[in-house]
Colleague: 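This structure is in structure tokens; I'll ask about it shortly.
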4 protein chains.
Amino acid sequence: MGARPPPDVPRRRGRPRRDQATAAILHAAGELLAEEGLLAMTLDAVAARAGTSRATIYRWWDSKETLALDTIEAQFAAHIERAIIDTGSLAGDLLEDIEARLRAVQAPGMMRLWAAMLGHAHADPAFGDAYRARFFTPVRESAHAAFARAIARGEIPAETDIELALDLLFGAVANRMLHANAPVDAQFARDVVRSVMQGLIAREPSGE
Amino acid sequence: MGARPPPDVPRRRGRPRRDQATAAILHAAGELLAEEGLLAMTLDAVAARAGTSRATIYRWWDSKETLALDTIEAQFAAHIERAIIDTGSLAGDLLEDIEARLRAVQAPGMMRLWAAMLGHAHADPAFGDAYRARFFTPVRESAHAAFARAIARGEIPAETDIELALDLLFGAVANRMLHANAPVDAQFARDVVRSVMQGLIAREPSGE
Amino acid sequence: MGARPPPDVPRRRGRPRRDQATAAILHAAGELLAEEGLLAMTLDAVAARAGTSRATIYRWWDSKETLALDTIEAQFAAHIERAIIDTGSLAGDLLEDIEARLRAVQAPGMMRLWAAMLGHAHADPAFGDAYRARFFTPVRESAHAAFARAIARGEIPAETDIELALDLLFGAVANRMLHANAPVDAQFARDVVRSVMQGLIAREPSGE
Amino acid sequence: MGARPPPDVPRRRGRPRRDQATAAILHAAGELLAEEGLLAMTLDAVAARAGTSRATIYRWWDSKETLALDTIEAQFAAHIERAIIDTGSLAGDLLEDIEARLRAVQAPGMMRLWAAMLGHAHADPAFGDAYRARFFTPVRESAHAAFARAIARGEIPAETDIELALDLLFGAVANRMLHANAPVDAQFARDVVRSVMQGLIAREPSGE
DNA sequence: GTGTAATCGAGACGGTACGTCGAGTCTTGTG
DNA sequence: CACAAGACTCGACGTACCGTCTCGATTACAC
């Protein structure tokens, strides 16, 4: 599975791919996803709005979920600055990180879309792998790096269970948005970061 | 929206509802949900396996998601003992609570189903309300009561931010299962509980 | 097959039949047939308008077509005076007869209903027998009697092919109404009668 | 309403219509109509026997009645030679015409189908127009032409009421088949033609 | 230039499931 | 018994997307 958009081969024979079509499809899909959600979005509607044919979409994506994955990735890219965050303190790094994600996910229709992707990730294992590789792992890694830097400069103990910390951190935020369907503000983000750091610093090794 | 299973009215005129049919439908739906997931489950298949007609299903449920909601509720009921948990310590209460939920959610196909329900909860607000009222709020309330008891007996400070604690607690577990798609064992549950408690006890009031 | 309305047994045990129900059903069916036609008329609607239950209808009629048959028979009875027509001349008798039928069949919705009955008569042989026995044969017989009287008083030759005359007579009228969907007025009826009589009187025996 | 079989445009973009499918549908519908009649014929069954999908049928026909209309037209075409009938005498022309129609309508199941079409023609005005345009008007016109030729060559009076003659002619035949549900043989056709001609030739103008 | 190869639009097609509707049957409680 | 209420099975309906498939038209590189 998976999209095979830019194979970036040097040059092939035949009519070259019309990049405008790809962009128009992603744009149309983005609008429809925000307006109606994943389930209500039909490829017919995407094709009509993009001015292409359904066959062209199927040529480059193998399902509408994969198309949606590419679409929200393109939208996230606009919200998240890829520059490495390094404020000098762990709390500062984590807060910056979380707030950047929050800005991206609070665009209209994005929560609904996120939930739909998560649902499909559990229905289709291959899609689940792609989903995690693109939206879960990167987030986790950038936060992981922040913890590693904090250990390196002695801010937190070396034996800190970073994986646990990440689950607490992102889990709390996700829980509030996805399950409680409640808004997440900056104050909540600060509370979460402080609680997690206090819980980790004070803790003894977990091995009973 | 929502199902209207019989509110146990005393006795009405007309042919009585065949309870066996309702049970058979729920049973068939449960099997098919575990085997194929929500999206692949057809009402045709449910009706065929339950030995009823599709029309009978539509008489009592307004969508297959609502049917699924009733189905997993029936399955959860089998896993979760409703007796109030009170071990005497906050950590003990929380662990018992979490582990009870884990047992229920680790039945085959249940993760996939949970994710699908969450996805639909964000697609259909009315369904979202029903979903939270039945699967989110009860869990939260039983844990909330455990915190209240802990405050009453002086185990944790009275000004503890319980809502935050709940988000950390259940968020960490949900994050690992839903997003990381990784297993949650008893050790992880213990680590989460300990971390959250330490983070809360030591913390100062959040208001800047 | 066929309806089994009033079995007219002397007196049976149990709750006596509520004649009002039967009348209400026929009345409701008549209204609905005129308003919407046979196919669009549902037994649900009839039952609702008659204030009865569907089961009661099924108790006395075995299909909605049979119910319709009884219904239009009741309506025809109101239009057609059963007294024997005898004006003294064949042309007069035939005209009276035809015009009486026309009055009945030109009630609103009646053409549509007649066509539907005819369609069903060819779909269900048993119904076809009942239909002809009630709506075809009687008409034919009363006109046949008029011809017989004309022969008796020497108005037309004794060897007149009456069956052929009846087919020409009623066929022309039915053709115009049913097939051409055109109105039939008194002038047309007079023309038909005159043409048929001239054609028959002048003719030689048909056997080649 | 109405079917839109291919108007034979020169060449359009897109996948060309698979003519075999259209033919298979008409053939399957023809068989099923003869076997079971219009009401019992299911589009499911037609699709299954034709090896197409129900959607394809709905793409080209808007109801099963319209499909039936096309079907019997195709079958009539096989029975009726379109060559203009001109035997030199009015009686000869009319007999040829009537007997050609009789051959077509006496195929198995055709009477039942004809009656059903007539019923639907009165239930759905738009269908009624289509029905008459295809099965009523053409028959009428060819016979009308025969009368016109007879007037031209002085065989019958110029003031003959042709419309009345047509109603008598076809009405008598239709009455016997549709209403009396009796067979029509060549002798009956001859009798009808002779009677109508005698009735018309001898008659005076109808205007009082 | 003239293939050759690829893309794109349009749109028909077989399929599957949907949600609805009506027919006809059955099972209660009430009169 | 008759009747109302109403739950039930069955089967067809017409619709909506899906994913696939032919087409004709277009556009480039390669010979």
Colleague: If I take atom CD in residue B/E65 and atom C1' in nucleotide E/dG19, what distance separates them, rounded to the nearest angstrom?
Modeller: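 In whole Å, E/dG19 C1' lies 13 Å from B/E65 CD.
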
Colleague: Starting at atom NE2 of C/H120, determine the distance to atom C1' of E/dA23, rounded to an integer number of angstrom.
Modeller: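 Taking atom C1' of E/dA23 as the reference, NE2 of C/H120 is at 13 Å.
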
Colleague: What does A/S63 touch in the nucleic acid at a heavy-atom separation under 4.0 angstrom: a base, only the sugar-phosphate, or nothing?
Modeller: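 No contact.
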
Colleague: Nearest nucleotide by nearest heavy atom, which residue falls closer to the 5' end of DNA chain E, D/A55 or A/A55?
Modeller: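 Nearest nucleotide further toward 5': that of A/A55.
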
Colleague: Any salt bridge linking B/E35 with B/R49? Criterion: basic side-chain nitrogen under 4.0 Å from a carboxylate oxygen.
Modeller: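 A salt bridge is present here (some side-chain N lies under 4.0 Å from a carboxylate O).
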
Colleague: What is the distance, to the nearest angstrom, from the OH atom on D/Y58 to the P atom on E/dG14?
Modeller: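 About 15 Å, once rounded to whole Å.
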
Colleague: Between P on F/dC13 and CG on D/D62, what's the gap in Å once rounded to a whole number?
Modeller: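 In whole Å, F/dC13 P and D/D62 CG are 14 Å from each other.
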
Colleague: At under 4.0 Å between heavy atoms, what does B/T56 touch on the DNA or RNA strands: base, sugar-phosphate, or nothing?
Modeller: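 Answer is base: heavy atoms of B/T56 come under 4.0 Å of a base.
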
Colleague: Start with the C-alpha gap between B/W60 and B/I25, add the side-chain angles, then the distance that decides, and say whether side chain to side chain contact (heavy atoms under 4.5 Å, CB included) holds.
Modeller: CA-CA 10 Å; B/W60 302 111; B/I25 291 169; 5.6 Å; no

Colleague: Considering just the side-chain nitrogens and oxygens of D/W60, establish if one lies under 4.0 Å of OP1 or OP2 belonging to E/dA12.
Modeller: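 No, because none of the side-chain N or O atoms of D/W60 sits under 4.0 Å from OP1 or OP2 of E/dA12.
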
Colleague: State whether D/S53 places a side-chain N or O below 4.0 Å from either non-bridging phosphate oxygen (OP1 or OP2) of E/dG15.
Modeller: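 For D/S53, the contact criterion (side-chain N or O under 4.0 Å from OP1 or OP2 of E/dG15) is not met.
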
Colleague: Residues of residues 34-49 of chain D with any non-hydrogen atom less than 4.0 angstrom from an atom of DNA chain E: list those, numerically ordered, please.
Modeller: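 When residues 34-49 of chain D is checked for heavy atoms under 4.0 Å from DNA chain E, there are no hits whatsoever.
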
Colleague: How far apart are the closest heavy atoms of C/L38 and C/L33, and which atoms are they?
Modeller: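 That closest heavy-atom pairing would be CA-CD2, 3.7 Å.
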
Colleague: Which one, E/dA17, E/dG11, F/dG19, comes nearest to the side chain of D/R54?
Modeller: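 Out of E/dA17, E/dG11, F/dG19, the nucleotide with an atom closest to D/R54's side chain is E/dA17.
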
Colleague: Report the distance from atom CD1 of A/I57 to atom C1' of E/dC8, rounded to the nearest whole Å.
Modeller: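 Taking CD1 of A/I57 and C1' of E/dC8, I get 12 Å after rounding.
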
Colleague: Please report the interatomic distance CE(B/M117) to NE2(B/H122), rounded to the nearest 0.5 Å.
Modeller: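 One finds 12.5 Å between CE of B/M117 and NE2 of B/H122.
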
Colleague: Using a cut-off of strictly less than 4.0 Å, decide whether A/R59 has a side-chain nitrogen or oxygen near OP1 or OP2 of E/dC8.
Modeller: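 Looking at the OP1 and OP2 atoms of E/dC8, one of them is under 4.0 Å from a side-chain N or O of A/R59.
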
Colleague: Answer yes when C/D124 and D/R112 have at least one side-chain N-carboxylate O distance shorter than 4.0 Å, and no when they do not.
Modeller: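 Not counted as a salt bridge, because no side-chain N and carboxylate O are separated by less than 4.0 Å.
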
Colleague: How long is the gap from CG on B/L67 to CD1 on B/I72, to the nearest 0.5 Å?
Modeller: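 One finds 10.5 Å between CG of B/L67 and CD1 of B/I72.
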
Colleague: Quick one: pull up OG in C/S63 and CG in C/L43 and give me the separation to the nearest 0.5 Å.
Modeller: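 Interatomic distance, C/S63 OG to C/L43 CG, rounded to 0.5 Å: 8.5 Å.
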
Colleague: Please state whether the phosphate of F/dC13, meaning OP1 or OP2, lies under 4.0 angstrom from any side-chain nitrogen or oxygen of D/K64.
Modeller: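 So the side chain of D/K64 is within the cut-off, an N or O lying under 4.0 Å from OP1 or OP2 of F/dC13.
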
